[in-house]
Protein chains: 2
Amino acid sequence: MTSIKDLAQHLGISIGTVSRALNDKLDVKPATRERVLKAAQELGYVPNQAGRSLRQGSTGLVGFVLETSSEGMMQGDLFFIRVFDGMQSVFSEYGLHLMVMMSPSSEKSDAYLEKIVGRRLADALVLSSTRRVDPRIDFLADRKIPFVTLGRSQTDRGQPWLDLDFEGIIADAVDRLHARGHRRIALSLPRPALNLRYVMLDAYREQITRLGLPFNDRLVIETDPGDNGGVALAHHIMEMDDRPSAVIFSDHIHPFGLYRGLADMGMTPGRDLAILGIATRLASLLSPNLTHYRFHLHDLGRRIAQAVIYGLPHLHKEKKPPLIRERVPFTLIEGDSDAEMKG
Amino acid sequence: MTSIKDLAQHLGISIGTVSRALNDKLDVKPATRERVLKAAQELGYVPNQAGRSLRQGSTGLVGFVLETSSEGMMQGDLFFIRVFDGMQSVFSEYGLHLMVMMSPSSEKSDAYLEKIVGRRLADALVLSSTRRVDPRIDFLADRKIPFVTLGRSQTDRGQPWLDLDFEGIIADAVDRLHARGHRRIALSLPRPALNLRYVMLDAYREQITRLGLPFNDRLVIETDPGDNGGVALAHHIMEMDDRPSAVIFSDHIHPFGLYRGLADMGMTPGRDLAILGIATRLASLLSPNLTHYRFHLHDLGRRIAQAVIYGLPHLHKEKKPPLIRERVPFTLIEGDSDAEMKG
DNA sequence: TTGTACGCGTTATCAA
DNA sequence: TTGATAACGCGTACAA
């Protein structure tokens, strides 16, 4: 592997000059610069990142910490790759690389983070599977590592965050079901810890109350993730004494289980139970068509990347970018799974 | 961030001794070692990777190059995260970290690789979306970068590879359909470039011939990836003059499109067309149940990681591991989508 | 058993 | 405009 020294020797000039030429410094003769660039091209020179990192104190890498065995809707595989793609598309403009790292289960995730951070592997981090109280946030803030969370948290250290607009979705979903005659509307939630649970519950309670409906916590149903969770949810609902006529879900795999669970009982989505919630492109595979809320994941990725840039001042171009803390908008895809209340 | 120098000063001993203590060298007094480890713990010392990499020439990172906009069955989102998880579980034993990097579309992927490799970001790489003739393989082999491919290639530089057992699947699928009375069996393939296309086609031709059936290239159908491809495939087949009674697919999303396409035409999988192929856990969401072949992705990931270790001699423990070049086994999940030929 | 000193590849400072 | 040199953090050969 050719180093800058080789390059300098090859050209018969000093290392310093070569470095300046390669880094577009002003004080280098155009002819020299050209010679250097040409030779670099020919010899396939690429600067060694370790040397560079050591000298500059930055690695050019942004780490996305993916928690493998996390619960919650983000568990989904479908979700991330599009987001990553969007992120990288922005990072490329800044010479940054996205580096996805697999963190172990949440108990060990703090130790993991300590390693990553201590070793200075990344200039900035993105956390996902944000928890309501999230020690990772304090950890990174204390160490002054720039970071962004995908998901909000009660642990607020002024960090940028992006999140799905759960409030908007819940409000829209409840309204929509209400307008179609539904009065007993169930809400499916992931198990505690994750912050989105609380966001959704609050939004649900608020909207139910606003519409003058009674809040009934038996209609708030904890559900395991995945299709099995969906099946269980279908059975649970159908076996309730005063069962709801509609359910709002947040795990994009749930509807598949719901459909199957209902089918097992000889029932049909939209006729026997209105179903509505957050899903992905995959939902288009369901029949009857699933009414659902979708996000533009590539855009979300781009937005996350911009939020990361905020924390890396040396990359700011003209003006300082704003602190991003926002919920990304959803799109409603109308289907037949939340038809008018029958009878 | 505390450096080794800080640590040494804090303890009133030399940097060299601290380093030796931390790296478990023999020639350091037990008492000193203990003092050092304790102080390191207290001050939260973690060695800076840039300094280490520069000195040792290795980064402790293994890069998985993910091609965002690749065609072929591997495009799938569902596929990778489990594989990554399996890989990391092995790497952890060796103090390695998996780093997933998003490569741009295949045209630019060589330049991208050049960057990664030149910057010495990773000690070893894993390539996916392997192409039949793949210049990336020559590139890495020429530079003596250890690497593993997920998927085989005609470009053979002696590298380890892992692949799905497409041959086994095709042979089993053709046999199975044949035993159920099917004689006109279609095969859906991804568009050229990717190597798996050729592997599947060869296996198909061989098995068809072995059973004494005529090979008919009109039964080999190029299909776009994703659910849309599946819908198109359903229509294509049903509009053929002498249409096949069965189809084997390789894109795990295809069956969703096939089911929908058939439904559009008032037809049912398993009754009007036998459907059988490679899928994932997601397939359990289809009704009627999809007969399909599945892989244990976590194990595949572990195996890939072991193949990577092969190329990193400094990590070999007792004995040198073997060169891994193998197809991973599949599991058949029996369903109702490939029922007996009717009539 | 410990300390000193060098060098990995790079960039930045300063002098020429 | 260029060259020499220091420094980033670390591991190790060699000297003590």
Side-chain angles (χ1 to χ4, degrees), chain A residues 1-37 39-40 43-61 95 115-123 314-315, chain B residues 1-37 39-40 43-61 95 115-123 314-315:
Chain A
M1 196 83 353
T2 64
S3 73
I4 200 172
K5 199 159 86 182
D6 302 331
L7 203 51
Q9 264 165 7
H10 175 80
L11 288 163
I13 58 180
S14 80
I15 291 181
T17 305
V18 173
S19 174
R20 280 189 306 260
L22 291 171
N23 291 296
D24 261 353
K25 298 294 176 191
L26 305 167
D27 50 359
V28 51
K29 190 161 62 176
T32 313
R33 180 196 318 266
E34 216 157 313
R35 277 210 318 140
V36 171
L37 293 178
L43 301 192
Y45 169 77
V46 183
N48 177 305
Q49 188 58 43
R52 217 176 207 194
S53 300
L54 198 53
R55 177 63 231 224
Q56 322 212 55
S58 68
T59 62
L61 295 175
K115 280 262 176 44
I116 302 264
V117 166
R119 286 168 44 152
R120 305 248 108 173
L121 284 181
D123 296 344
H314 61 286
L315 296 177
Chain B
M1 196 84 352
T2 65
S3 74
I4 200 172
K5 199 159 85 182
D6 302 331
L7 202 52
Q9 265 166 6
H10 175 81
L11 288 163
I13 59 180
S14 79
I15 291 181
T17 305
V18 173
S19 174
R20 280 190 303 260
L22 292 171
N23 291 296
D24 261 351
K25 297 296 176 190
L26 305 167
D27 50 359
V28 51
K29 189 162 63 175
T32 313
R33 183 199 315 277
E34 215 157 315
R35 275 209 322 138
V36 171
L37 293 179
L43 302 192
Y45 170 77
V46 183
N48 177 304
Q49 189 57 43
R52 215 176 208 194
S53 300
L54 200 53
R55 177 66 232 233
Q56 323 214 65
S58 68
T59 62
L61 295 175
K115 279 264 176 45
I116 302 264
V117 167
R119 286 168 44 152
R120 305 247 108 172
L121 283 181
D123 296 344
H314 61 286
L315 296 178

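Reminder, nothing fancy here: chain letters follow the sequence lines and each chain counts from 1.
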If you round to the nearest 0.5 Å, how far is [atom2] of [Y] from [atom1] of [X]?
X: A:L61; Y: B:L61; atom1: CG; atom2: CG; value: 8.0 Å
X: A:K25; Y: A:D27; atom1: NZ; atom2: CG; value: 8.5 Å
X: A:S53; Y: A:L121; atom1: OG; atom2: CG; value: 9.5 Å
X: B:S19; Y: B:R52; atom1: OG; atom2: CZ; value: 8.5 Å
X: B:R120; Y: B:L54; atom1: CZ; atom2: CG; value: 12.0 Å

Shortest non-hydrogen contact between A:Q49 and A:T59, atoms and distance: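 Answer, listing the atom of A:Q49 first, then A:T59: NE2-O, 3.0 Å.
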Where B:A21 and B:L37 come nearest, the two heavy atoms and their spacing: O-CD2, 4.4 Å
Side-chain donor/acceptor of A:N48 to backbone N/O of A:A50, under 3.5 Å: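 Such a contact is found between A:N48 side chain and A:A50 backbone.
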Could you list all N or O pairs between the protein and nucleotides 7-11 of chain D that sit under 3.5 Å apart?
| unit_1 | atom_1 | unit_2 | atom_2 | d |
| --- | --- | --- | --- | --- |
| D:dC8 | O2 | A:R55 | N | 3.2 |
| D:dG9 | N2 | B:G51 | O | 3.0 |
| D:dC10 | OP1 | B:Y45 | OH | 2.6 |
| D:dC10 | OP1 | B:N48 | N | 2.8 |
| D:dC10 | OP2 | B:I4 | N | 2.5 |
| D:dG11 | OP1 | B:R52 | NE | 2.8 |
| D:dG11 | OP1 | B:R52 | NH2 | 3.3 |
| D:dG11 | OP2 | B:S19 | OG | 3.2 |
| D:dG11 | OP2 | B:N23 | ND2 | 3.4 |
| D:dG11 | N2 | B:R55 | NH1 | 2.4 |
| D:dG11 | N3 | B:R55 | NH1 | 2.3 |

Pairs under 3.5 angstrom only: tabulate donor-acceptor contacts from the side chains of residues 1-12 of chain A to other protein residues two or more places apart or in another chain.
| unit_1 | atom_1 | unit_2 | atom_2 | d |
| --- | --- | --- | --- | --- |
| A:S3 | OG | A:K5 | N | 3.2 |
| A:S3 | OG | A:D6 | N | 3.4 |
| A:D6 | OD2 | A:S3 | N | 2.8 |

Interface residues of residues 26-36 of chain A with DNA chain C (non-hydrogen, below 4.0 angstrom):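 By residue number: none to list.
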Validation row: A:Y45, A:V18 side chains within 4.5 angstrom (heavy atoms): no
Rounded to 10 degrees, the angle between the two terminal axes of the helix from C:dT1-D:dA16 to C:dA16-D:dT1, each from five pairs: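 If I round to tens, the end axes sit 50° apart.
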With sequence neighbours excluded, residues passing side chain to side chain donor-acceptor pair (under 3.5 Å) with A:R33: A:D24
Contact interval (first through last nucleotide) of DNA chain C with protein chain B, 4.0 Å heavy-atom: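 Both ends considered, the range comes out as C:dT1 to C:dG9.
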B:Q56 atom CD, over 12 foreign heavy atoms within 6.0 Å: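 Yes.
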